[in-house]
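Please read the structure below before turning to the comments.
When a residue number appears, it is its place in the shown sequence, counting from 1. These numbers come from the heavy atoms of this one structure, side chains and all, not from hydrogens, waters or symmetry mates.
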Amino acid sequence: MCWFHGEGGIGDRYGGSELKCDEVTRFITQLARYKPRIYLGGSEPFLRNDFLAILEHIKALNLPVSFTTNGTLLDKNKITKVVNLGVDHIIFSLDGDEELHDRIRGRGVFRTVTSNIKELSNFGKEKKFNKPLISVNITITPFIIGHLQETINSIKEATQDGVDIYRIHQLWYITPKELSIHQSLIKKFLNCSAPSAACHLTPLSKDINPLVLSNEIFQLKKNAKIKFFPNLNHKDLFDYYSECSRVKYRCFAPFYRAVIKPNGDVKFCPDEWIDDYILGNIRDDAFENIWDSKRARYFRSVILRRKSFPACKRCSWMYSFRQ
């Protein structure tokens, strides 16, 4: 189900071209006066030996920061460090209960991750810190529908209730027909081809039953710890999982956020939906110049006129910034 590292993933395209630690910290220093919220994601952050140094720099500038991790590379030293630094929010990826998660990610991984969550939670409580917020991200797949409550129960038991938020995340995908329409419109309005949107051609999407899922979600909404992303009503959930249903919202993400890719490319559209519309690169120009460039303004003008593109229906930013 992973568009980045799954069967059709494009996660290795930046190999060898990643920003160095000093490039990352210099860029963050440029941004500090704007007081941004920084999210670090896209792959496993602890694969970088300098990840803790990057976190330390962000918190030294008193900026809020969150990141997503698979939880396998945490240890006591890293847990101590992220808590003492005051990292604001850590999101752990868990795909189901122990049997399902280990079937997807490897034997013993569930216990490793939940043990690290438990240790992280306990250490924060010992220090009497209210950070980091600990979330678990559970992606919807056909394997987990009908088993969401028991999945949450198993994680709660394994972590000794160390999780603050359980976020049920709808599957990001596109169908072949939608991809064709999307790329045609991208070519017409933005003069690019969005080739990597094809990484969202996730076969698992065909086996999701929105009626069963909607009924299950209705029951789970009674629990304040359980959140849904996007948080859809019954009709909108059916539209989300229906082919070529119309996108009714306007995306305002380009007015509030930007993505910095591992090689320094700046884009408005995350997750490869419009991957070849590049605004600039932070190695070549200051971010504020890129943010206010002619190319950036043109992208915003297209979004203001069109509201969105077909693939936007299943993009996280559509629901974080919409009108």
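- By the ring-ring contact (aromatic ring centres under 6.0 Å, His included) test, Phe110 pairs with no residue at all, sequence neighbours left out.
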Between Trp291 and Val266, is a side chain to side chain contact (heavy atoms under 4.5 Å, CB included) present by the stated rule, with each step listed?
-> CA-CA 9 Å; Trp291 176 263; Val266 182; over 6 Å; no
Before giving the answer on ring-ring contact (aromatic ring centres under 6.0 Å, His included), spell out for Phe46 and Phe67 the whole-Å C-alpha distance, their side-chain angles and the decisive distance to 0.1 Å.
-> CA-CA 10 Å; Phe46 285 105; Phe67 64 86; 5.7 Å; yes
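- No more than 12 heavy-atom neighbours from other residues, nucleotides or ligands sit within 6.0 angstrom of CZ on Arg111.
- Listed by first then second residue, pairs satisfying salt bridge (Lys or Arg N to Asp or Glu O under 4.0 Å) with a partner in residues 15-43 read Asp22-Arg26, Glu23-Arg283, Arg33-Glu288, not counting sequence neighbours.
- The cationic atom of Arg306 (NZ for Lys, CZ for Arg) lies less than 6.0 Å from the six-membered ring centre of Phe309 and within 45° of the ring axis.
- Residue pairs meeting the salt bridge (Lys or Arg N to Asp or Glu O under 4.0 Å) criterion with at least one partner in residues 205-226, sequence neighbours excluded, are Asp161-Lys225.
- The distance from atom CG of Leu213 to atom CD1 of Ile144, rounded to the nearest 0.5 Å, is 10.5 Å.
- Under a 3.5 Å cut-off, the side chain of Asn233 and the backbone N or O of Lys235 do form a donor-acceptor pair.
- The side-chain contact (heavy atoms from CB on, under 4.5 Å) test applied to Glu56 returns Lys81, Leu85, not counting sequence neighbours.
- Using modelled atom types and a 3.5 Å distance limit, the side chains of Ser193 and Gln183 yield no donor-acceptor pair.
- Side-chain contact between Leu237 and Phe228 is absent, with no heavy-atom pair separated by less than 4.5 Å.
- Taking 4.5 Å as the limit, every side-chain heavy atom of Lys267 sits out of range of all side-chain heavy atoms of Leu279.
- Put simply, the side chain of Leu55 reaches to within 4.5 Å of the side chain of Leu40, judged on heavy atoms.
- Side-chain contact between Cys21 and Ile54: present, with at least one pair of heavy atoms (C-beta onward) separated by less than 4.5 Å.
- A cation-pi arrangement, defined by a distance under 6.0 Å to the six-membered ring centre and an angle within 45 degrees of its axis, is absent between Arg257 and Phe252.
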Are Ile138 and His169 close enough, and set up right, to give a side chain to side chain contact (heavy atoms under 4.5 Å, CB included), and what steps lead you there?
-> CA-CA 6 Å; Ile138 304 168; His169 207 303; over 6 Å; no
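- Remark: Gln170 CD to Ile140 CD1 distance equals 5.5 Å, nearest 0.5 Å.
- When the ring-ring contact (aromatic ring centres under 6.0 Å, His included) test is applied to Tyr240, no partner is found at least two apart in sequence or on another chain.
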Going through the checks in order, is the side chain to side chain contact (heavy atoms under 4.5 Å, CB included) test met by Asp236 and Tyr249?
-> CA-CA 11 Å; Asp236 286 344; Tyr249 302 112; 3.5 Å; yes
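- No donor-acceptor pair under 3.5 Å is formed between the side chain of Ser184 and the backbone N or O of Ile181.
- Looking at Ser154 and Glu98, their side chains never come closer than 4.5 Å, going by heavy atoms from C-beta outward.
- A donor-acceptor pair shorter than 3.5 Å can be found between the side chains of Asn263 and Asp265.
- Residues Tyr173 and His200 place their aromatic rings such that the two centres sit no closer than 6.0 Å.
- Leu211 is not connected to Ile208 by any chain of hydrophobic side-chain contacts under 4.5 Å among Ile, Leu, Val, Met, Phe, Trp and Tyr, and they are in different clusters.
- Every ring-ring contact (aromatic ring centres under 6.0 Å, His included) that Phe238 has, sequence neighbours left out, goes to His234.
- Other members of the hydrophobic cluster containing Ile91, listed by chain and number, are Tyr39; membership follows side-chain contacts under 4.5 Å among ILVMFWY residues, whether direct or relayed.
- Residue pairs meeting the salt bridge (Lys or Arg N to Asp or Glu O under 4.0 Å) criterion with at least one member in residues 168-188, sequence neighbours excluded, are Glu178-Lys313, Glu178-Arg314.
- For the residue pair Ala32 and Leu61, the shortest heavy atom distance occurs at CB-CD1, 4.1 Å.
- Residues satisfying the side-chain contact (heavy atoms from CB on, under 4.5 Å) test with Ser196, not counting sequence neighbours, are Ile10, Arg13, Glu272, Asp275.
- Here the side chain of Tyr277 pairs no donor or acceptor atom with the backbone of Ile186 at under 3.5 angstrom.
- The backbone N or O of Ala53 sits nowhere less than 3.5 Å from a side-chain atom of Asp50 that would complete a donor-acceptor pair.
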Show the numbers, then the answer: is there a side chain to side chain contact (heavy atoms under 4.5 Å, CB included) between Lys118 and Asn122?
-> CA-CA 6 Å; Lys118 180 172 64 177; Asn122 288 341; 3.6 Å; yes
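- Checked by atom type and distance alone, the side chain of Thr80 pairs as donor or acceptor with a backbone atom of Lys76 at under 3.5 Å.
- Note that OG1 of Thr202 is 10.0 Å distant from CD1 of Ile174, once rounded to the nearest 0.5 Å.
- Within 6.0 Å of CZ in Arg246 there are 12 or fewer heavy atoms belonging to other residues, nucleotides or ligands.
- Relative ring orientation between Phe299 and Phe268 is described as tilted, the plane-to-plane angle lying within the 30° to 60° band.
- For His147, the ring-ring contact (aromatic ring centres under 6.0 Å, His included) criterion is met by no residue, not counting sequence neighbours.
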Side-chain donor-acceptor pairs of residues 127-135 under 3.5 Å, sequence neighbours excluded:
| residue | atom | partner | partner atom | Å |
| --- | --- | --- | --- | --- |
| Lys127 | NZ | Asn84 | OD1 | 3.4 |
| Lys131 | NZ | Asp88 | OD2 | 3.3 |
| Ser135 | OG | His89 | NE2 | 2.6 |

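- Aromatic ring centres of Tyr298 and Phe189: separated by at least 6.0 Å.
- The list of salt bridge (Lys or Arg N to Asp or Glu O under 4.0 Å) pairs with a residue in residues 135-147, not counting sequence neighbours, is empty.
- Although no hydrogens or angles enter the test, the distance criterion places no donor-acceptor pair under 3.5 Å between the side chain of Ser205 and the main chain of Leu201.
- In this model, no donor atom of one side chain and acceptor atom of the other lie less than 3.5 Å apart for Thr68 and Asn137.
- Asp95 contributes no side-chain N or O that, together with a main-chain N or O of Leu100, makes up a donor-acceptor pair within less than 3.5 Å.
- Asn153 and Glu157 share no donor-acceptor pair across their side chains, judged by distance under 3.5 Å alone.
- A donor atom on one side chain and an acceptor atom on the other are found under 3.5 Å apart for Glu44 and Thr69.
- Put simply, the side chain of Ile152 reaches to within 4.5 Å of the side chain of Ile168, judged on heavy atoms.
- Side chain of Asp97 to main chain of Thr151: no donor-acceptor pair is present (N/O by atom type, distance under 3.5 Å, no hydrogens or angles).
- Rounded to the nearest 0.5 Å, atoms CG (Asn116) and CG (Asp75) are 8.0 Å apart.
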